[in-house]
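So the structure is just underneath, and the comments pick up after that.
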Amino acid sequence: MKNYLNSLFNKASTSLDYLKEINFTFDVPKQESHGDLSVNAAMLLTKKLRKNPRQIAEEIISNLQIDDAIISKVEIAGPGFINFFFTPSFVARIIKVVIAEDKYFGKSKKYEGKKANVEFVSANPTGPLTVGHGRNAVVGDTIANMLEWVGYEVDREYYFNNAGRQMRVLGDSVRLRYLQTLGREIEFPGDYYQGEYIKEIADGLKVEYGEKLVDEPAEGIFKQRAESVIFDDIKQSLGRLKIKHKIFFNENSLYEEGKIEELLKLFQEKNLSYEKDGAVWMKFLELGSEQDKVIVKSSGEPTYRLPDIAYHREKLNRGYDLLIDLLGSDHISTYPDVLAGVKALGYDSEKIKVLIHQFVTIVDQGEIVKMSTRKANFITLDQLVDEAGADVVRYFFNMRNITTHMNFDLSLAKKQSDENPVFYLQYAHARICSILKMIEKEDLNVSTENLNLLTSDEELQLLRKIHLFKDEILYSTENFETHRICFYLEDLAASFHKFYTFCRILGTDRPLAEARVALASATKIILRNGLSILGVSAPERM
RNA sequence: GCCCCGGUAGCUCAGUAGGAUAGAGCGUCGGUUUCCUAAACCGUAGGUCGGAGGUUCGAAUCCUCUCCGGGGUACCA
């Protein structure tokens, strides 16, 4: 529909120059009585032309070469909107396209040939993934899916560090638990990792090695074992949510390959760093930050900024057109320095899109659960998937704008009831599958021969929603907003359920019945495609 | 102190580069099943869009100030 109007306005702009000067938009009116699409062009021109917007609207309309077979009515309304009403037969044509394109319907080629990298999760292997990581994981994977739908080739990447202080403490936590299982009287420090999983790892070592490890250092087998066990666990948790990273990037490799040294030298050459108080400082002040910051401590150890910049430099060097970093709001302070750093090196920092998601508050039985990995006071992602199921978990995290501090009501998520919108969508899909099974028995077909018979309000409303799918994906993707897909699909499902209630198939003349089956079939395709972007399954029956 | 995010119906949240009478789900109350899945549908009630100014044809949306909640502001990541 939008395409058609765009071409109409393009033609009109050859005689009306002022149309070229404004950025008008075609919008779907909130109210159906305002037509299928409306344009605000006339209002935008009031100042420039010093005319009443309604007069301008008249002039615009008289310059549009409208095909009556496509548009049934054009009206001027309100302060000067031009509303367009499309003919039912044009609206219904979309069904043919949907059925023909099937699992590709909704994809666009706008970004074909472009490469994107989505870095997400990136939790260090110090413990199981928590609910907070869950939001990051689900949204990151969904954004990657969306980018693929608009044409990008996408690499999913996980960045981790197995060499820092955190990991030393982790190794020592395992060592102490190991010694405790051997009966040693040892006090376990309060700031060590308290979780049960540490004891399990220690138990595993005891079973395997007995007492042979009593004199081993924390950084040896204890740390290694902890890392490998925990990482396997993390990957498995992600796998349950159908998330698989292509690249696992170890921060340590930046040191091993001399990238850190190289970067330090580069900063020095470009006069972007200096020494003070035994530390190396970066001139962030010159680069637009509030103050200079330390990049190498007086101990000789780099701060996180240096490897972070080196890492982003690596990714940029791989030739991506778009780099996405998905971070929790507790990491919000890291990215301005990274962007400033790579920009100072001459890279196009515009390619890096940093997305910050706000915290997840867990509410269980009306009580807020405070989370801390160290204190082991957390709900793991695994527990969540155990209790609510992967589909519900994915849907819940996707259905909220990442800027909101979302409440995750654990007791509600466990409930498999109609309070849960994911079932509403899945039910619509299952219903359609059931119809398609039924028509076989009734000797009916999916036919697009008589689509012009689809003229009822319910049919047209559903058809109009179908028209919006492709644009919705594109818009959601360009804004990195997964929740819009959820809202769209809920809207679509609602239109379908209404159609289902009012437009029967059995007992209807064959041509109309078959056209309705085709409409249901097209709806099924969109529900399935939309759910697949979210990573949620589309069951055949419920 | 300064920076970022949020404050919209009882609850959880939408609100598309400013647009028409501010919406949805759940919950409330009341209806619909001899008929393709009632995990559905229809109706009902519910609002000083945190507050105060400003910008203009028009503000939940933009600007200023302010209140409340969360996060950040390290030679921790």
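Letters A, B, ... mirror the listed sequences (proteins, then strands); counts begin at 1. Below, all heavy atoms of this structure are taken into account, side chains as well, without hydrogens, waters or symmetry copies.
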CG of A:Asn124 versus P of B:C76: gap in Å, rounded?
16 Å
With a distance cut-off below 6.0 Å to the six-membered ring centre and an angular limit of 45° from the axis, does A:Arg431 pair with A:Tyr500 as a cation-pi contact?
yes
Ignoring hydrogens and angles, answer whether the base of B:C75 and the side-chain atoms of A:Ser298 contain a donor-acceptor pair closer than 3.5 Å.
yes
When the C1' atoms of B:G72 and B:C63 are considered, how many whole Å apart are they?
25 Å
Specify the separation, in whole Å, of atom CD1 of A:Ile402 and atom C1' of B:G6.
13 Å
A:Trp281 side-chain proximity, nearest of B:U12, B:A14, B:C75:
B:C75
First of A:Ser333 and A:Phe81 reached from the 5' end of RNA chain B, by closest nucleotide:
A:Phe81
For A:Val28, which contact category applies under a 4.0 Å heavy-atom criterion: base, sugar-phosphate, or nothing?
base
For a quick test of reading the model: is some side-chain N or O of A:Arg431 closer than 4.0 Å to OP1 or OP2 of B:A38?
yes
Should the pair A:Glu387-A:Lys414 be classified as a salt bridge under the 4.0 Å nitrogen-to-oxygen rule?
yes
Indicate, with a heavy-atom threshold strictly under 4.0 Å, whether A:Asn52 touches base, sugar-phosphate, or nothing.
nothing
Tell me whether B:U34 sits syn or anti, counting syn as a glycosidic angle within 90° of 0.
anti
Looking at B:U37, B:A40, B:A77, which one has an atom nearest to any side-chain atom of A:Asn161?
B:A77
Which whole-number value in Å describes the distance from A:Arg305 CZ to B:C75 P?
7 Å
Sugar-phosphate, base or nothing in reach of A:Thr361, heavy atoms under 4.0 Å:
nothing
Taking the same atom, P, in B:G1 and in B:U66, what whole-Å distance lies between them?
10 Å
Do A:Thr303 side-chain and B:A77 base share a donor-acceptor contact under 3.5 Å?
no
Which is more 5' along RNA chain B, the nucleotide nearest A:Ile505 or the one nearest A:Asp277? Just name the residue.
A:Ile505
Would you call A:Glu350 and A:Lys343 a salt bridge, taking side-chain N to carboxylate O under 4.0 Å as the test?
no
B:U12 - base-pair partner by Watson-Crick or wobble geometry, distances under 3.5 Å:
B:A24
Determine the Euclidean distance between corresponding P atoms of B:C42 and B:U33; express it in Å to zero decimal places.
15 Å
Any chance you could lay out the salt bridge (charged side-chain N to carboxylate O under 4.0 Å, His left out) test for A:Lys353 and A:Asp325, step after step, and finish with the verdict?
CA-CA 6 Å; A:Lys353 179 77 192 168; A:Asp325 286 8; over 6 Å; no
Please state how far atom CD in A:Glu75 lies from atom P in B:A20, giving the value in whole angstrom units.
15 Å
Counting the atoms with a prime plus P, OP1 and OP2 as sugar-phosphate, which does A:Phe502 contact under 4.0 Å by heavy atoms, base, sugar-phosphate, or nothing?
sugar-phosphate
For RNA chain B, the residues among residues 463-485 of chain A that have a non-hydrogen atom under 4.0 Å from it
A:Tyr475, A:His483, A:Arg484
Partner of B:G43 under the Watson-Crick or G-U wobble criteria, both distances under 3.5 Å, comes out as B:C29
In terms of side-chain geometry, is the basic nitrogen of A:Lys315 or A:Glu119 positioned less than 4.0 Å from the acidic oxygen of its partner?
yes
Indicate yes or no: does A:Arg510 engage A:Glu514 in a salt bridge with an N to O separation below 4.0 Å.
yes
Heavy atoms from C-beta onward define the side chain here; which of B:G71, B:C41, B:U37 lies closest to that of A:Phe359?
B:G71
I'd like the P distance from B:U61 over to B:G15, given in whole Å.
15 Å
B:U21 versus B:C26 - spacing of their P atoms, nearest Å:
28 Å
A:Leu462 atom CG is separated from B:C41 atom C1', nearest whole Å, by 15 Å
Which of these nucleotides, B:C13, B:A77, B:C76, is closest to any side-chain atom of A:Gln166?
B:A77
Can you confirm if the aromatic rings of A:Phe231 and A:Phe248 lie within a centre distance of less than 6.0 Å?
yes
When you measure from the side-chain N and O atoms of A:Lys437 to the phosphate of B:C36, is any distance below 4.0 Å, counting only OP1 and OP2?
no
Look at the side chain of A:Pro29 and decide which nucleotide, out of B:A39, B:A77, B:A20, has an atom nearest to it.
B:A20
With the six-membered base ring of B:G70 as reference, does the ring of A:His405 sit under 5.5 Å away with planes under 30° apart?
no
Among the nucleotides B:A77, B:C36, B:G15, which one has an atom lying closest to any side-chain atom of A:Ser434?
B:C36
Test salt bridge (Lys or Arg N to Asp or Glu O under 4.0 Å) applied to A:Glu261 - qualifying residues, sequence neighbours left out
none
Base, sugar-phosphate or nothing for A:Pro421? Non-hydrogen atoms, less than 4.0 Å.
nothing
Write down the distance between CZ (A:Phe487) and P (B:G15), rounded to a whole number of angstrom.
7 Å
For B:U12 and B:U37, measure between their P atoms and round to the nearest Å.
37 Å
For A:Met43, report the nucleic acid contact type (base, sugar-phosphate, nothing); a contact means any heavy atom under 4.0 Å.
base
For residues A:Phe84 and A:Tyr4, establish whether the separation of their ring centroids is below 6.0 Å.
no
Strand partner of B:G69, provided both Watson-Crick or wobble distances fall under 3.5 Å:
B:C5
Across all strands, who's sitting opposite B:U61 as a Watson-Crick or G-U wobble pair, both distances under 3.5 Å?
none
Which part of the nucleic acid does A:Ala428 contact within heavy-atom distance under 4.0 Å: base, sugar-phosphate only, or nothing?
nothing
For A:Cys503, report the nucleic acid contact type (base, sugar-phosphate, nothing); a contact means any heavy atom under 4.0 Å.
base
Would you indicate which nucleotide in B:G71, B:G19, B:C75 comes nearest to any side-chain atom of A:Ser329?
B:G71
A:Gln461 atom CD is separated from B:C41 atom C1', nearest whole Å, by 13 Å
With respect to the phosphate group of B:C41, does any side-chain polar atom (N or O) of A:Tyr424 fall under 4.0 Å of OP1 or OP2?
yes
Please determine whether side-chain contact (heavy atoms from CB on, under 4.5 Å) holds for the pair A:Leu412 and A:Phe396, giving the CA-CA distance in whole Å, both sets of side-chain angles, and the decisive distance to 0.1 Å.
CA-CA 11 Å; A:Leu412 180 78; A:Phe396 265 51; 4.3 Å; yes
Contact under 4.0 Å: A:Asn407 side-chain N or O vs B:U12 OP1/OP2:
yes
Closest approach to the side chain of A:Tyr427, judged atom by atom: which nucleotide of B:C76, B:A14, B:U37 is it?
B:U37
Under 3.5 Å, is there a donor-acceptor pair linking the side chains of A:Thr142 and A:Arg394?
yes
Nearest-neighbour nucleotide for the A:Phe423 side chain, B:C13, B:A39, B:A77 considered:
B:A39
Pairwise C1' distance for B:C29 and B:A14, with rounding to whole Å:
25 Å
Using whole Å, report how far CE of A:Met406 lies from P of B:G69.
22 Å
In whole Å, measure the gap between the P atoms of B:A52 and B:A45 for me.
27 Å
Residues A:Lys283, A:Asp292: salt bridge by 4.0 Å N-O rule:
no
